[in-house]
Colleague: 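Got a structure here, written out as structure tokens. Questions coming.
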Amino acid sequence: MPKPLADRQGFIWLLCALAALTALSIDIILPATSIIADALGVDERFAALTIGAYLVGYGLGQVIWGLISDAYGRSPALICSLLGFAAATLGCALATEFWVLVVLRLLQGMCAGAPVVARAIARDISSGPRLGEILSLQMILTTIAPLFAPLLGAVLTTHLGWRANFVFLLAVSILLLVLWLRIGAETVPHRRPERLRLGFVRAAAATLFARPAFVQGLGASAAGFAGYASLLSLGAVVADQAYGLGPGGFGPLFVLAALGLSLGIGSFRMLVRKLGAARLRLVMLGGMALSVLVHLVFWISPVALVPFWGAVCLFTFVFGLILPWGQARAMEVAEETPGFAASLIGATVMVGGAAGAAVATALFTGTAGAISGTMVLGGGLSLVYLWRARER
């Protein structure tokens, strides 16, 4: 008898790679954002739109692909999303107008259905501890991608130009598609077209948003990601204009911030076991309050690179703790529609990120204050949701 899909290591690692596609697509472009703006003849402050547009598209696409995969099967949805992603990525590589590139990034994000479908497949093939293991592997690979993607993007941009980043993403998407066609498998035995009906979506969303725990977990995650998205969208521009660093200098800096995020996510499981959920919530409240206070000072009066980046790493670490807490709290009350709830959480978090990128762009004046200001606003809102939460 063939092994169950949950025990096939090649299949599991393919799901992890699919889950990490969006993290790679965002982070590999970071060192090139200001260069893209210069090359296509727009002000550098608009460079953030190449990130924000992707986040908006990805946020909307998650709900669409989640519903399509529920209704018509995981494999057709995954294949169509990868084909669409490859086509949009090719368009990005060939774009000669900045606003055309922004639209193509929006389409690229909308076609990035692989992560949400990969999470749905994990739920299809496993449960209990094994499901936790598979989802943990997906999250680990997703948080590892930001550690090397900016460095790779800096190398590609420096030696081959910014278009090479999109050529690399095109090659990755084609490789993932080929691997899925070879070793992938359908995990939904029955079609459920009613999941695409507006009535189902409206009723399921109303039920979820009527539950305080869902709103608290979702709000804390999305608001925190809004602050983090300011770093994604403007980090390279700030490093260049405020501190005189090029793409090669920003890459290692972003690795430190991404490492803070990874450490926060990785520490959550250990801390919740040691402290308990209620005490850990107090730790997150204190950590985020400290981060907001420090960034408020830096927003008013920008400082040197070392203290500023230390404050950035503090924010990313605390956000790394909040993210799994918020998603677990929201999913806890989604017993009837866990798949739709997961899609809705992912979509809302990405829209929060797009809002953070837009706020950072509006606040940008050539200093690091735009990032600090957005972290104050996003972190402050996250604090509100954390404060209103009550652990059982």
Colleague: Would you tell me whether T50 and R105 have side-chain atoms, one donor and one acceptor, within less than 3.5 Å of each other?
Modeller: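 There is no such pair (donor and acceptor under 3.5 Å, judged by atom type) between the side chains of T50 and R105.
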Colleague: Once rounded to the nearest 0.5 Å, what's the spacing between atom CG of L253 and atom OH of Y243?
Modeller: 10.0 Å
Colleague: Please assess Y385 against S221 for the test side chain to side chain donor-acceptor pair (under 3.5 Å), listing each intermediate value before the final yes or no.
Modeller: CA-CA 9 Å; Y385 287 110; S221 301; over 6 Å; no
Colleague: Indicate the atoms forming the closest heavy-atom contact of T367 with V238, along with that distance.
Modeller: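 For T367 versus V238, the nearest heavy atoms are O-CG2, 3.8 Å.
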Colleague: Would W325 and L280 count as a side-chain contact (heavy atoms from CB on, under 4.5 Å) here? Give the steps.
Modeller: CA-CA 9 Å; W325 173 88; L280 179 55; 5.6 Å; no
Colleague: If you define the side chain from C-beta out and look only at heavy atoms, does anything of F46 sit under 4.5 Å from V102?
Modeller: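 No. Closest side-chain heavy atoms not under 4.5 Å.
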Colleague: Answer whether the closest heavy-atom distance between the side chains of L234 and T374 falls below 4.5 Å.
Modeller: no
Colleague: Does the plane of the ring in Y228 sit parallel, tilted or perpendicular to the ring in F254? Use 30° and 60° as the thresholds.
Modeller: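 Geometry flag for F254 against Y228: tilted rings.
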Colleague: Quick check: is V384 connected to F214 through a chain of hydrophobic side chains (ILVMFWY, heavy atoms under 4.5 Å apart)?
Modeller: no
Colleague: Count I, L, V, M, F, W, Y as connected when their side-chain heavy atoms are under 4.5 Å apart, and connections chain through other members. Are M288 and L282 then in the same cluster?
Modeller: yes
Colleague: In this structure, is the centre-to-centre distance between the rings of F11 and W180 below 6.0 Å?
Modeller: yes
Colleague: Hydrophobic clustering (ILVMFWY, side-chain heavy atoms < 4.5 Å, transitive) - are V297 and I371 grouped together?
Modeller: yes
Colleague: Counting only heavy atoms from other residues, nucleotides and ligands, does the tally under 6.0 Å from CD of E97 exceed 12?
Modeller: no
Colleague: Keeping the roles fixed (side chain from T316, backbone from C313), state whether a donor-acceptor pair exists under 3.5 Å.
Modeller: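 Pair found, side chain donor or acceptor close to backbone of C313.
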Colleague: L231 versus W309: any side-chain heavy-atom pair under 4.5 Å?
Modeller: yes
Colleague: Spell out, as yes or no, whether a donor-acceptor pair under 3.5 Å connects the side chain of R163 to the backbone of A93.
Modeller: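 Indeed, once roles are kept as given, a pair shorter than 3.5 Å links the two residues.
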Colleague: Assess whether atom CH2 of W387 is packed by more than 12 heavy atoms of other residues, nucleotides or ligands within 6.0 Å.
Modeller: no
Colleague: What is the distance from atom CD1 of I29 to atom SG of C92, rounded to the nearest 0.5 Å?
Modeller: 8.0 Å
Colleague: Between the side chain of S230 and the main-chain N/O of G227, is any donor-acceptor distance below 3.5 Å?
Modeller: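 Yes, S230 side chain to G227 backbone: donor-acceptor pair under 3.5 Å.
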Colleague: Under a 4.5 Å cut-off applied to non-hydrogen side-chain atoms, are W162 and P31 in contact?
Modeller: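 Contact flag for W162/P31 side chains = no.
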Colleague: Give the C-alpha distance, both sets of side-chain angles, the deciding distance and a yes or no for side-chain contact (heavy atoms from CB on, under 4.5 Å) between F166 and L101.
Modeller: CA-CA 11 Å; F166 292 109; L101 176 63; 4.2 Å; yes
Colleague: If you measure from CG on L261 to CG on L256, what distance do you get to the nearest 0.5 Å?
Modeller: 13.0 Å
Colleague: List the steps and the verdict of side-chain contact (heavy atoms from CB on, under 4.5 Å) for V351 and L55.
Modeller: CA-CA 6 Å; V351 171; L55 293 176; over 6 Å; no
Colleague: Mind running side-chain contact (heavy atoms from CB on, under 4.5 Å) on F85 and S25 for me, showing each step along the way?
Modeller: CA-CA 10 Å; F85 183 89; S25 301; 3.2 Å; yes
Colleague: Do you know which two heavy atoms are closest between A226 and G352, and how far apart they sit?
Modeller: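 Shortest heavy-atom contact: CB-O, 3.2 Å.
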Colleague: Are any non-hydrogen side-chain atoms of M110 and Y58 less than 4.5 angstrom apart?
Modeller: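 The answer is no; the side chains never approach within 4.5 Å.
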Colleague: For the residue pair F308 and P302, establish whether any side-chain heavy-atom pair is separated by less than 4.5 Å.
Modeller: no
Colleague: Tell me whether R74 contacts the main-chain N or O of A118 through its side chain, where contact means a donor paired with an acceptor under 3.5 Å.
Modeller: no
Colleague: If only atom types and distance count, is the side chain of T207 paired as donor or acceptor with the main-chain N or O of A203 below 3.5 Å?
Modeller: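 The answer is yes, because a donor-acceptor pair under 3.5 Å joins these two groups.
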Colleague: Distance from R388 atom CZ to Q216 atom CD, nearest 0.5 Å?
Modeller: 6.5 Å
Colleague: Which of parallel (below 30°), tilted (30 to 60°) and perpendicular (above 60°) describes F319 and F315?
Modeller: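 Rings of F319 and F315: parallel, as their planes differ by under 30°.
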Colleague: Closest approach of M375 and V292, non-hydrogen atoms and distance?
Modeller: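 Answer, listing the atom of M375 first, then V292: O-CG2, 4.3 Å.
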Colleague: Is the shortest side-chain heavy-atom distance between Q241 and S34 below 4.5 Å?
Modeller: no
Colleague: Side chains of H295 and L314, heavy atoms from C-beta outward: is any pair under 4.5 Å?
Modeller: no
Colleague: Look only at the side chain of T33 and the backbone of L30, and say whether a donor-acceptor pair between them is shorter than 3.5 Å.
Modeller: yes
Colleague: Can V312 be reached from L245 by stepping across I, L, V, M, F, W or Y side chains whose heavy atoms are under 4.5 Å apart?
Modeller: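 Shared cluster, yes.
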Colleague: Examine distances only and state if a side-chain atom of T89 and a backbone atom of L170 form a donor-acceptor pair shorter than 3.5 Å.
Modeller: no
Colleague: Give, for atom CG of L285 and atom CG of L290, the distance between the pair rounded to the nearest 0.5 Å.
Modeller: 12.5 Å
Colleague: Quick one: closest heavy-atom pair of L82 and S173, and the distance?
Modeller: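 Minimum heavy-atom contact is CD2-O, 4.4 Å.
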Colleague: Search all heavy atoms of T96 against all heavy atoms of L40 and return the closest pair with its distance.
Modeller: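 Residues T96 and L40, closest heavy atoms: O-CD2, 3.6 Å.
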Colleague: How many angstroms lie between CG in L218 and OG1 in T348, if you round to the nearest 0.5 Å?
Modeller: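 Here the interatomic distance stands at 4.5 Å.
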Colleague: Look at the side-chain heavy atoms of Ile, Leu, Val, Met, Phe, Trp and Tyr, link any pair under 4.5 Å apart, and say whether L179 and I79 land in one connected group.
Modeller: yes
Colleague: Quick check: closest heavy atoms across Y72 and P76, and the distance to 0.1 Å?
Modeller: O-CG, 3.7 Å
